[in-house]
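What follows is a short report on a single structure.
Every value quoted in this text rests on a predicted model; they were computed, and no experiment measured them. Values reported hereafter were calculated over all heavy atoms of this structure, with side chains retained and with hydrogens, waters and symmetry mates removed. Letters go in sequence order (proteins before strands), and every chain restarts at 1.
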Amino acid sequence: MSDGANMRGKYDLELVDLTKKFGDTLAVNKISHRFKAGSYVCLLGPSGCGKSSTLRMIAGHENVTEGAILLGGFDVSHLTPAKRGTAMMFQNYALFPHLNVRDNVSFSLRMKGEDKATRDARANELLELVDMTGFADRLPAQLSGGQQQRVALARALITQPKVLLLDEPLSALDPFLRIRMRAELKKLQRELGITFVHVTHGQDEALALGDELVVMNNALIEQAGSAREVWTAPRTEFVARFMGGHNVIALDGGKVALRADDVKLGDHGLPAWVTSIEYQGGHVALTARIEAGEQVLALVPEAIFFQSPKNLGDLVNLAWDEGRLHRLQS
Amino acid sequence: MGKSRDIIAYLQAAPLMAVLLAFLVVPIGMIVVVSFWGATEFSIYPAFQFDNYAFLFGSPVTYKVFFATFKYAFITWIFTLSIGFTVAYFLAFHVRTQAMQTALFLLCTIPFLTSNIIRMISWIPFLGRNGIANQTLISWGLIDEPLEWLLYSDFSVILAFVHLYTLFMVVPIFNTMMRIDKSLIEAAYDNGATGLQTLWHVIVPLTKPGIMIGTIFVVTLVMGDFITVRFMSGSQKANVGRLISNDIALLQYPSAAATAVVLLCTVLIVIGVLLRFVNIRKEL
């Protein structure tokens, strides 16, 4: 991997008018995007939005209907998965149940015909990287979910990919382990300096991990940008709603996004009736219906809320700084 | 408390125990007992003597016939395995829709709606001296005179065995293959395995339990068979089953029982050896 560091930047992954059709269904509709080499990119969207198809096309497990996938300037869309310089980590890890951890990790070297000593030595290096040295002789069935994931990671990385593709890697883990593993994924990506493309449907996961977020919906990219950009300046109503924490209100003939934590309960402002109150620890999530019939969510800091607690059905005045309104593209 | 629960557990197992006892253990026990009896030309008498076994192990015919039985079992195994594996592989990995899979699978079982004997006998007009096979080959100019070895030969016996028993290989292998996670195949491709490498390093190892169950079916069926060998060889070939059936026809029950006991032990040893290679427990 020593020369890989020098060649950083050369391995940008680029999608050009990438299209996938399953029969008449359009799964991915002419999307174009450039993933910067060495970045952690989260491909985000609801189920059925085309994110998994996109990832599987990049990996080479799905044929490209139209368009191209460029890695380092070369079209790889017609190469076999192993020749592309990508590696995939599968959602359920797809470890070979009949092989022990070491043989799972070194599987690709065995396919290349490397001798056993070389294979084992490389596998041990990778197992050390993911902190699984003590488990080399176990079978996958004897490992916990988190341990299986580390093995899957080691197996994907042994091919020295330029791009690692992760298909909902954390979805099979319990919430506690999920948060720990995501920290480890991020750390590993930083150490290796290769591109990670991580498919997820959880925005908190994407915000926590992604240097860049690519939000997809209906086979299209709705918005791409840094995590902060996407969250603070959603371009469309879909993005604002999907990322959460935003209200979408119709004002002056157009739709605007308003962050829930920018909504204040004041003496003046838009009158509304409280429809639900949820205590969330640091905040109280208060939903109120305005006269136009829309529900507006206000995240009120806990201390402020309990200075004058509200009840269901109470009339409140919702206020915000005009500058915090963010106009959405229709 | 614990004791009454034990009794209930035994009672629950009792019906099955009774069936196995009455229809498996007792008959086999009787065969073992009779195998030590004596026989004259016209009668059999209770005794405890090793004459039957001594005669069996002393006769060169026994070894020839046992060898023939193993030969049939082995060759049939090779063919049923290769055909069965291929069919199951096609059904499990190449047929995309489940409806199609089910339809094709049922298609495989259709021949089994007729009896063994009918399926066997239907080969005879096909393979005979002036049968369809010979006539076709002659009309194509591939041969000048009819092939004699098509019928009433080892060829026809093994052909019938393969025809009769391939499904017993297809079903367990297909069953095991359907449980293989498809993402494992993708993972193998992702790791640079070719189609053949994936087959050999991923699919075959994971299909082993199914192969083993199919093998046990085929081996026990072929080794215990006598009717197929009789019909398809025109009574010109022998296996252990025919040895036993001939003894029975001559009312030599003790001798037949002794042969049966030896055959049973042989088959059990074969299965025991097979089971040492593969753990089929998780398939059951």
Taking atom [atom1] of [X] as the centre, does the number of heavy atoms from other residues, nucleotides or ligands within less than 6.0 Å exceed 12?
X        : atom1 : result
A:His33  : NE2   : yes
B:Leu196 : CG    : no
B:Phe93  : CZ    : yes
A:Lys186 : NZ    : yes
B:Phe74  : CZ    : no

Less than 4.5 Å to any heavy atom of chain B: does that hold for the side chain of [X], its backbone, both, or neither?
X        : answer
A:Leu95  : backbone
A:Thr159 : side chain
A:Arg56  : side chain

Nearest heavy-atom pair of [X] and [Y]: which atoms, and what distance?
X        : Y        : answer
B:Asp190 : A:Met88  : OD2-N, 2.7 Å
A:Ala82  : B:Gly192 : CB-CA, 3.2 Å
A:His98  : B:Leu206 : ND1-CD2, 3.4 Å
A:Phe96  : B:Leu184 : CE2-O, 3.4 Å

Open item on the list: Filter on side chain to side chain donor-acceptor pair (under 3.5 Å), then keep only pairs touching residues 74-96 of chain B, sequence neighbours left out; what's left?
Closed with: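 Side chain to side chain donor-acceptor pair (under 3.5 Å) check on residues 74-96 of chain B returns B:Trp77-B:Thr215.
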TODO: Could you grab the distance from atom CD of B:Gln197 to atom CZ of A:Phe107, nearest 0.5 Å is fine?
DONE: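 Reported to 0.5 Å precision, the distance equals 7.5 Å.
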Please list, one pair per line, the donor and acceptor atoms closer than 3.5 Å that link side chains of residues 37-48 of chain A to other protein atoms, with sequence neighbours excluded.
from: A:Ser39; atom 1: OG; to: A:Lys36; atom 2: O; distance (Å): 2.6
from: A:Tyr40; atom 1: OH; to: A:His198; atom 2: ND1; distance (Å): 2.8

Task: Side-chain heavy-atom pair B:His201, A:Met111 within 4.5 angstrom cut-off - done: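 The answer is yes, as the side chains (C-beta and beyond) meet within the 4.5 Å cut-off.
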